[in-house]
Amino acid sequence: MNFNFKEIFTAFMVLFAVIDIIGNIPIIIDLRKKVGHIQSEKASVIAGVIMVIFLFLGEQLLGFIGIDVHSFAVAGAFILFFIALEMILGITLYKEDDDEALNASVFPIAFPLIAGPGSLTTLLSLRAEYSWENILIAILLNVLLIYGVLKTSARIEKMIGQNGIKIIRKIFGVVLLAIAVKLFAANIKMLMA
């Protein structure tokens, strides 16, 4: 085992910034209002499993189905773009299903908000630089933090208040839109090259 605290910390911080669970609080609160309940454990575990699988098999899985990393990131950018539009404009593009609480825990929370194209492509980049053991620990630490935020979203909502949530929702909607545009622009260049 090649454990290195510096690598663990760096990988943790990079994933934390890309996943942006704090910035996603308005989306989580909004989804919880729509569906009534979000299964925090399920969303955290599914996101963690997706990231761990992608850490080890990401490039092979994408290659097997004939998709390169850049195409994957562009597709994910579209999903983030539509979620951002919902936040900014107050419209609903995500359709309600009968088993909405189960679905919301998986989509869009576990994927693409937590284990989305940004975090998955970041994992591929980290894998090229750091030891897999350290990245794995960074993933597990992020999953624990994600679980804590998902579990306490109702308390966070009470602390911030309705107007605070609306303001934060609009601000982070614009930030998410900017991330989507950046992800799209960076990867479309690679596809066109």
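Not measured: the values here are computed from a predicted model.
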Considering non-hydrogen atoms only, spot the tightest contact between [X] and [Y] and give its length.
{"X": "Leu177", "Y": "Ala84", "answer": "N-CB, 3.5 Å"}
{"X": "Asn142", "Y": "Phe16", "answer": "OD1-CA, 3.4 Å"}
{"X": "Leu55", "Y": "Leu123", "answer": "CD1-O, 4.3 Å"}
{"X": "Ala115", "Y": "Ala47", "answer": "CB-O, 3.7 Å"}
{"X": "Leu113", "Y": "Ile109", "answer": "CB-O, 3.5 Å"}

Not counting sequence neighbours, which residues clear salt bridge (charged side-chain N to carboxylate O under 4.0 Å, His left out) with [X]? List them please.
{"X": "Lys182", "answer": "none"}
{"X": "Glu59", "answer": "none"}
{"X": "Asp30", "answer": "Arg169"}

Do Ile50 and Phe111 have side chains that get closer than 4.5 Å, going by heavy atoms?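 When only atoms from C-beta onward are counted, Phe111 and Ile50 do touch, with a gap below 4.5 Å.
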
Answer yes if [X] and [Y] sit in the same cluster of Ile, Leu, Val, Met, Phe, Trp and Tyr residues linked by side chain heavy atoms under 4.5 Å apart, and no otherwise.
{"X": "Val18", "Y": "Val181", "answer": "no"}
{"X": "Ile21", "Y": "Met159", "answer": "no"}
{"X": "Val49", "Y": "Ile139", "answer": "yes"}
{"X": "Tyr147", "Y": "Ile28", "answer": "no"}
{"X": "Leu144", "Y": "Val14", "answer": "no"}

Is [X] atom [atom1] crowded by more than 12 heavy atoms from other residues, nucleotides or ligands, each under 6.0 Å away?
{"X": "Phe56", "atom1": "CZ", "result": "yes"}
{"X": "Phe3", "atom1": "CZ", "result": "yes"}
{"X": "Lys158", "atom1": "NZ", "result": "no"}

Rounded distance (nearest 0.5 Å) linking atom [atom1] of [X] with atom [atom2] of [Y]:
{"X": "Lys33", "Y": "Leu31", "atom1": "NZ", "atom2": "CG", "result": "11.5 Å"}
{"X": "Phe78", "Y": "Leu183", "atom1": "CZ", "atom2": "CG", "result": "10.5 Å"}
{"X": "Arg32", "Y": "Ser40", "atom1": "CZ", "atom2": "OG", "result": "9.5 Å"}
{"X": "Leu61", "Y": "Ile67", "atom1": "CG", "atom2": "CD1", "result": "10.5 Å"}
{"X": "Gln39", "Y": "Lys151", "atom1": "CD", "atom2": "NZ", "result": "9.5 Å"}
{"X": "Leu136", "Y": "Trp132", "atom1": "CG", "atom2": "CH2", "result": "6.5 Å"}

Hey, which of Val149, Thr152, Asp20 is the one that makes side-chain contact (heavy atoms from CB on, under 4.5 Å) with Ile25?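 Answer to the side-chain contact (heavy atoms from CB on, under 4.5 Å) test with Ile25 among Val149, Thr152, Asp20: Val149.
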
Donor-acceptor pair, [X] side chain versus [Y] backbone, under 3.5 Å?
{"X": "Ser119", "Y": "Gly116", "value": "yes"}
{"X": "Asn24", "Y": "Ile114", "value": "no"}
{"X": "Asn134", "Y": "Asn2", "value": "yes"}
{"X": "Thr121", "Y": "Pro117", "value": "yes"}
{"X": "Glu7", "Y": "Ile135", "value": "no"}

Using 30° and 60° as the class boundaries, would you call the ring planes of Phe54 and Phe72 parallel, tilted or perpendicular?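 Judged by the thresholds at 30° and 60°, the geometry between Phe54 and Phe72 is parallel.
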
Start with the C-alpha distance between Val143 and Met51, add both sets of side-chain angles, then the distance that settles side-chain contact (heavy atoms from CB on, under 4.5 Å), and finish with yes or no. CA-CA 10 Å; Val143 167; Met51 287 190 283; 4.0 Å; yes

Please lay out, stage by stage, how Asn4 and Ile8 fare under the test side-chain contact (heavy atoms from CB on, under 4.5 Å). CA-CA 6 Å; Asn4 179 322; Ile8 292 169; 5.9 Å; no

side-chain contact (heavy atoms from CB on, under 4.5 Å) between Thr122 and Ile19, intermediate numbers included: CA-CA 10 Å; Thr122 299; Ile19 293 168; over 6 Å; no

Trace of the side-chain contact (heavy atoms from CB on, under 4.5 Å) decision for Ile38 with Ser153: CA-CA 10 Å; Ile38 290 174; Ser153 65; over 6 Å; no

Is the Phe5 to Phe12 ring centre distance short of 6.0 Å?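 They do not qualify: ring centres at least 6.0 Å apart.
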
